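Here is how names work: the chains are called A, B, and so on, in the same order as the sequence lines, proteins then strands, and each is numbered from 1. Values in this document were obtained by computation on a predicted structure and should not be read as measured data.
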Number of protein chains: 2
Amino acid sequence: MDVRTLCLGALTLGDATGYEIRKMFEEGVFSHFLEASYGSIYPALTRLTEEELVTCHSEQQEKRPDKKIYSVTDKGRAAFTEALLEPLAEDKFRSEFLFVMLFAHLLTPERIKALIDEKVEEHRQLSERLSGPAEIGTPAADFIKDFGAVVHKASVDYLEKNRHKVEAIAGASPPRASEPRAPEAPQDGNAARPASQSKSDHRNPKELARIR
Amino acid sequence: MDVRTLCLGALTLGDATGYEIRKMFEEGVFSHFLEASYGSIYPALTRLTEEELVTCHSEQQEKRPDKKIYSVTDKGRAAFTEALLEPLAEDKFRSEFLFVMLFAHLLTPERIKALIDEKVEEHRQLSERLSGPAEIGTPAADFIKDFGAVVHKASVDYLEKNRHKVEAIAGASPPRASEPRAPEAPQDGNAARPASQSKSDHRNPKELARIR
DNA sequence: CAAGACCTATATCGGTCCTATATATCCCCT
DNA sequence: AGGGGATATATAGGACCGATATAGGTCTTG
């Protein structure tokens, strides 16, 4: 599902300009589960117009750049309904925060506390905003909005109840993983353990030296 | 935080090949909050080697392509610790599922049920996997793992308790948004309502025709 | 026991998308 | 008066993903 399709769906909710579509992603209906930037929205709208899935009529304003208002065509509506039937990509969650927490032992307790405070606040605000009245009044919109509210609330709760666990290890001793090689040492498949052991042996001294 | 830095961090957990790093993202430690593909991992490792943040020693295997094992240098460790101090990007959640749910009125009840079943199962499996024993035994790793487990559990619970709300509206009447123009009609700032109203007037007939 | 599916392992191309920037005008606050 | 922010469109550069190529190995199943 590319930005082109996303824009088509956005216009299905009502006519809009590129600027307004961008706001739906930034702070509107889509903001808590989708992203799209001007860099992909404007080209997408151009292409959609070429393909006659949307139409564009300019509205000149006194002293501002012309406002280009886009509307879906019937062909566009059909194409969107089609797109809705294709298999969906998996939900994706990306968090640099969790990544950094993995390396808590490399940070000061202050830094860790600050990062968690920040993150709790982020989730709290999102949860609050999504608990408020719906921007769009459909049951479907409420459903997705409340989903966000619940998930962010769960995040806040987890962080508040468990933050002491990471805060305790700041600046402490190195990771202490049982296996130095990360993914469960797959190596040779059915080959005998001793063989793979000896293979990793001539790598061990280096590692031990580097662990400091 | 680019893939280059992510790889550096991965190697901080232990020496690894590009293939093994990829697995950390696909099914390993990072899998529930980060993604990275071969297309960015291999170039990243090349660049890291050029910059002397990691070293690479080839290990030739009898009948397979040479395994290139990467290790962080002291310079690399320092660079990574530095990178950890930079401001973090916000957490990001992307869900085509929620997007499609917004358009439940365009789908059959069967399709909606199937999609939710699928999504519940997805979250259930992730939650279960993350509730299991830790792949890496550090408190920090447990902290981030449990975070994932809790969030996915909350998702499952929400979907199961509220799915009837979306399932009820399948195939029903159009969206029925109070405002056709999506983002709360920002228009002219303090300009008088009547003006903006008249502006949208010559767009209304079209809209009414298209709503069908 | 053999064919096909899947795993190990590296690498690159094409296309999509984001970040940052440019341009231009207006309003609001200090 | 002047800076910051909103409105509004647009693009260049770079980061990244998805798909594909290569090549031999192992595991599964009929």
Roughly what angle, to 10°, lies between the helix axis at the start of the helix from C:dC1-D:dG30 to C:dT30-D:dA1 and the one at its end, five pairs per end?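 The helix from C:dC1-D:dG30 to C:dT30-D:dA1 shows an end-to-end axis angle of 50°.
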Could you tell me whether the phosphate oxygens of D:dT9, OP1 or OP2, come under 4.0 Å of any side-chain nitrogen or oxygen in A:T17?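 So the side-chain polar atoms of A:T17 do come within 4.0 Å of the phosphate oxygens OP1 or OP2 of D:dT9, strictly under.
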Given that A:M1 and B:G18 both sit by DNA chain C, which one's nearest nucleotide is further toward the 5' end?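 Looking at the nearest nucleotide for each, B:G18 comes out on the 5' side.
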In whole angstroms, how far is the [atom2] atom of [N] from the [atom1] atom of [X]?
X: A:K68; N: D:dA8; atom1: NZ; atom2: C1'; answer: 11 Å
X: B:R22; N: C:dC7; atom1: CZ; atom2: C1'; answer: 14 Å
X: A:E26; N: C:dC18; atom1: CD; atom2: P; answer: 13 Å
X: A:E59; N: D:dT9; atom1: CD; atom2: P; answer: 11 Å
X: B:K67; N: C:dA11; atom1: NZ; atom2: P; answer: 14 Å
X: A:R47; N: D:dT9; atom1: CZ; atom2: P; answer: 20 Å
X: B:D2; N: C:dC17; atom1: CG; atom2: C1'; answer: 16 Å
X: A:Y70; N: D:dA8; atom1: OH; atom2: P; answer: 13 Å

Could you work out, with side-chain contact (heavy atoms from CB on, under 4.5 Å) as the rule, every residue matching B:E82, not counting sequence neighbours?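 Once residues adjacent in sequence are excluded, B:E82 has no partner under the side-chain contact (heavy atoms from CB on, under 4.5 Å) criterion.
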Only distances under 3.5 Å count here; give the side-chain donor-acceptor pairs of residues 141-151 of chain B to other protein atoms, sequence neighbours excluded, each with its distance to 0.1 Å.
{"residue": "B:K145", "atom": "NZ", "partner": "B:L130", "partner atom": "O", "Å": "2.8"}
{"residue": "B:K145", "atom": "NZ", "partner": "B:G132", "partner atom": "O", "Å": "3.2"}

Please list, chain by chain and in numerical order, all residues satisfying side chain to side chain donor-acceptor pair (under 3.5 Å) with [X], sequence neighbours excluded.
X: B:H123; value: B:H152
X: B:E128; value: B:R124
X: A:Q125; value: A:E121
X: B:S127; value: none

Of all of residues 35-44 of chain A, which get a heavy atom below 4.0 angstrom from DNA chain C, listed by number?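 The answer is A:E35, A:A36, A:S37, A:G39, A:S40.
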Who are the salt bridge (Lys or Arg N to Asp or Glu O under 4.0 Å) partners of [X], not counting sequence neighbours?
X: B:R94; value: B:E96
X: B:E26; value: B:R22
X: A:D157; value: A:K153

Report the nucleotide, chosen from D:dA8, C:dC17, D:dT7, that has the shortest atom-to-atom distance to any side-chain atom of A:K23.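 Minimum distance to the A:K23 side chain belongs to D:dT7.
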Indicate, with yes or no, if the rings of B:F30 and B:F25 have centres closer together than 6.0 Å.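 B:F30 vs B:F25: aromatic centres under 6.0 Å.
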Residues within residues 82-101 of chain B bordering DNA chain D, heavy-atom distance below 4.0 Å: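 None, since no heavy atom is under 4.0 Å.
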Tell me the closest heavy-atom pair linking B:V72 and B:T12, and the distance in Å.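 Where B:V72 meets B:T12 most closely, the heavy atoms are CG2-N, 3.7 Å.
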